[in-house]
Amino acid sequence: MIIGYIFQRADRWSTPAKAVVEDEEGNHSSDTVWSECFGTTRDGEGKCNTVMKEITHEFRRAIAKLNEGTLPQKVVDFAYGSRWRTRELLENIIKEHAGDCKELVDKLREASRWFEGECKKRKASLKKVVIVHRRHEPYRRLYDILEKSVRDPDDVEVILDAHFVGVKIRGIVLITGDKNDIASNEQVICDNTSIAEVKWLGDVRV
Amino acid sequence: MPDPHPWVVILARNTRLRFAVECLLREANPHGKKFFKVTHFYKMLFLLHMGLKERGVDLKPPYCWYKRGPMLVREEFVRDVGVPLSTYVDKDSTKRITHVSCEGVSREDQYVIQSEVSEIVEKYKEGNYFRDGYIKELLHDAYEYAPHDFQRVFSRMFFPAIEHFKPDDKQTRLFPPALSDYERTNIEKLLDKLVALYPEDEMGELYDTFLEWEDTFRLSLIHEPSKVYGLADDFWEIFCKLLRIRHNENISEKTLDWWVRSFQNDLSEYEGKLERERERLLEIHIREIPPSEGVLKIADGMMAVAYDLAMQKKER
């Protein structure tokens with residue numbers, strides 16, 4: 001859900017994610033999920049920062065090549081050869097671009113700035129409205145119960161993080177984009193933890 | 001030539017270098033005047049070294065390429081020569097040398113070194129005095145040997161183009177100079193040139209940081225031109241910290257190892273500072289310059305790619 005909020009616009013979860021984050025109800029997350037998304041200075045940068053940087057780096061390299069006089073199609077060839085994540089996107093942009101190279105460079109540059117600026121703005125907003133909790137209970141017995149239904153061990157840990165918050169804050173609702181492993185196990189989760197409800201992000205009304 | 005003190009024989013290993021240094025100072029600045037500064041001395045010594053190399057005499061000076069060109073490394077100099085560099089330099093100026101140590105230097109080498117010294121010193125003089133602004137000639141000649149064109153453009157063209165944004169005095173800080181369209185265009189052309197010349201093969205680990213700096217610099221040029229000099233100076237410093245690791249002569253393993261280790265710490269610190277500055281400028285940029293539909297469409301595409309990439313592991 002955090003990922004959907006940060007990389008809004010194209011994500012089909014983006015509008016529900018935005019609605020969940022920006023509604024009046026309190027938002028809670030765990031330090032596990034938070035550091036997975038944004039990292040810690042010790043362990044690394046987290047998924048969101050890493051992905052954002054990878055994409056902006058590729059765009060800047062594309063801009064550098066175009067500025068050096070490399071033909072747009074050659075830049076695309078290079079992107080495919082280097083297996084850039086943005087290769088298909090760049091190919092479409094260049095196919096659709098009708099103006100000169102300088103115009104293309106200016107557009108790519110502005111788009112990259114907008115993308116980066118928006119991601120950073122959203123991260124800053126998120127920090128203001130989300131309370132991050134650090135769990136210090138292993139909940140071994142609960143883990144054994146949950147792992148029988150929830151396949152991914154990381155998902156079990158997230159559920160236990162939510163349970164930890166639910167012990168302190170009554171009526172906690174766990175909202176997840178994972179329909180198969182978490183949302184589908186709502187009964188098991190609510191029967192055995194302090195979590196009041198499990199909601200799939202796709203069911204969130206905007 | 002007069003004989004040296006006896007203890008010099010024990011300590012000095014690189015007697016040729018010591019001889020060359022003392023000859024150069026005695027000839028270039030016989031009265032220890034302030035016009036012959038440390039930077040003049042370093043550049044002239046470097047050019048002396050390069051000239052002598054062509055004549056088959058290697059002074060083996062311990063130097064590296066750094067912010068203002070080739071630079072003698074103090075700690076290595078005392079190890080090599082047996083006396084500290086402060087024997088010859090004092091803060092920013094050079095000292096008067098009356099005594100030249102020739103112990104351990106063959107007569108032939110003495111002759112070659114002395115004649116090369118005379119040639120080099122004469123090159124920058126008119127009559128008995130150094131030409132006005134001869135430091136520019138010295139820098140130009142020294143930079144002819146720079147390993148990368150990128151250095152020549154950054155140090156000798158780019159910095160002069162943004163010189164008047166250097167926050168040297170209160171006046172400049174209180175009333176930062178305006179940027180004319182002509183100046184902006186010129187600076188942007190130099191930025192394009194720097195991007196084209198960046199030595200990616202040899203300095204690849206800084207390439208993405210360099211591109212991030214370049215775009216941040218462009219943002220500063222639009223929104224806060226008074227900050228551009230500081231931005232350039234900070235980047236140049238970290239670039240040169242890598243440069244000295246890659247391009248040096250006669251430096252000990254111990255010093256090189258220390259440069260390599262300290263570079264990692266310095267790079268983290270620099271990247272943090274650049275990121276904070278960039279974030280601030282991006283915020284201003286997004287607020288003041290709304291994107292066109294075409295730009296938004298591309299940014300949208302970037303968001304889609306980012307989401308898919310981040311979701312390659314399971315969603316929470």
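Each chain gets a letter, A, B and so on, in the order its sequence line appears, and its residues count up from 1. Quick caveat: nothing in here was measured; it's all calculated off a predicted structure.
- In this structure, CG in B/Leu211 is found 10.0 Å from OG1 in A/Thr56, a value given to the nearest 0.5 Å.
- The local environment of CG in A/Asp100 is crowded, with over 12 non-hydrogen atoms from other residues, nucleotides or ligands closer than 6.0 Å.
- Annotation for B/Glu205: atom CD counts as buried by contact number, over 12 foreign heavy atoms lying within 6.0 Å.
- With chain A as partner, the option from B/His285, B/Lys297, B/Lys193 having the largest number of non-hydrogen pairs under 4.5 angstrom is B/His285.
- With rounding to the nearest 0.5 Å, the separation of CG in B/Leu191 from CG in A/Asn67 is 9.5 Å.
- The environment of CZ in A/Arg135 is crowded: more than 12 heavy-atom neighbours from other residues, nucleotides or ligands sit within 6.0 Å.
- Proximity to chain B is limited to the backbone of A/Ile6, based on heavy atoms less than 4.5 angstrom apart.
- Only the side chain of A/Lys53 comes within contact range of chain B, with heavy atoms under 4.5 Å apart.
- For B/Glu293, the CD atom counts as loosely surrounded, since its 6.0 Å shell holds 12 or fewer non-hydrogen atoms of other residues, nucleotides or ligands.
- Partners of B/Glu283 under the side-chain hydrogen bond (donor to acceptor under 3.5 Å, both in side chains) rule, at least two apart in sequence or in another chain, do not exist in this structure.
- Using a 4.0 Å cut-off between a side-chain N of Lys or Arg and a carboxylate O of Asp or Glu, B/Glu214 and A/Arg60 do not qualify as a salt bridge.
- For CD of A/Gln73, the number of neighbouring non-hydrogen atoms (other residues, nucleotides, ligands) closer than 6.0 Å is greater than 12.
- Of the charged side-chain nitrogens involved, at least one lies within less than 4.0 Å of a carboxylate oxygen, so that B/Asp208 and A/Arg61 count as a salt-bridged pair.
- Proximity to chain A is absent for every atom of B/Tyr198, based on heavy atoms less than 4.5 angstrom apart.
- For a residue to count as touching a neighbouring chain, one of its non-hydrogen atoms must lie under 4.5 Å from one of that chain's; by this rule A/Glu54 touches chain B with the side chain only.
- Of the atoms belonging to A/Lys107, heavy atoms from both backbone and side chain fall under 4.5 Å from chain B.
- For B/Glu163, the CD atom counts as densely surrounded, since its 6.0 Å shell holds more than 12 non-hydrogen atoms of other residues, nucleotides or ligands.
- Distance check, rounded to the nearest 0.5 Å: CG of A/Leu89 to CG of B/Asp300 gives 10.0 Å.
- Between chain B and the options A/His97, A/Lys65, A/Arg85, heavy-atom pairs under 4.5 Å are most frequent for A/Arg85.
- Under the side-chain hydrogen bond (donor to acceptor under 3.5 Å, both in side chains) criterion, B/Asn248 pairs with no residue at all, not counting sequence neighbours.
- Only the side chain of A/Glu96 comes within less than 4.5 Å of a heavy atom in chain B; its backbone stays farther off.
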- Go through the steps to decide whether A/Arg113 and B/Leu219 satisfy the test side chain to side chain contact (heavy atoms under 4.5 Å, CB included), and finish with yes or no. CA-CA 10 Å; A/Arg113 287 168 178 171; B/Leu219 287 171; 3.6 Å; yes

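- Crowding of A/Gln187 atom CD: a count of heavy atoms from other residues, nucleotides or ligands under 6.0 Å not exceeding 12.
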- Task: Could you give me the CA-CA distance, side-chain angles and deciding distance for A/Cys119 and B/Met303, then say whether side chain to side chain contact (heavy atoms under 4.5 Å, CB included) is met?
- Result: CA-CA 9 Å; A/Cys119 289; B/Met303 289 289 181; 3.9 Å; yes

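- At a 4.5 Å heavy-atom cutoff, A/Thr50 makes no contact with chain B through either its backbone or its side chain.
- In plain terms, the two heavy atoms of B/Val195 and A/Ala64 that are nearest each other are CG1-CB, 3.5 Å.
- Here the straight-line distance linking atom CZ of A/Phe7 with atom CE of B/Met302 works out to 10.5 Å at 0.5 Å rounding.
- In this structure, A/Lys168 places its NZ atom where more than 12 heavy-atom neighbours from other residues, nucleotides or ligands lie under 6.0 Å away.
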- Decide yes or no on side chain to side chain contact (heavy atoms under 4.5 Å, CB included) for B/Ile298 and A/Phe59, but give the supporting numbers first. CA-CA 11 Å; B/Ile298 297 174; A/Phe59 259 59; 3.8 Å; yes

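- Note: A/His57 leads A/Lys121, A/Met52, A/His57, A/Lys120 in heavy-atom pairs under 4.5 Å with chain B.
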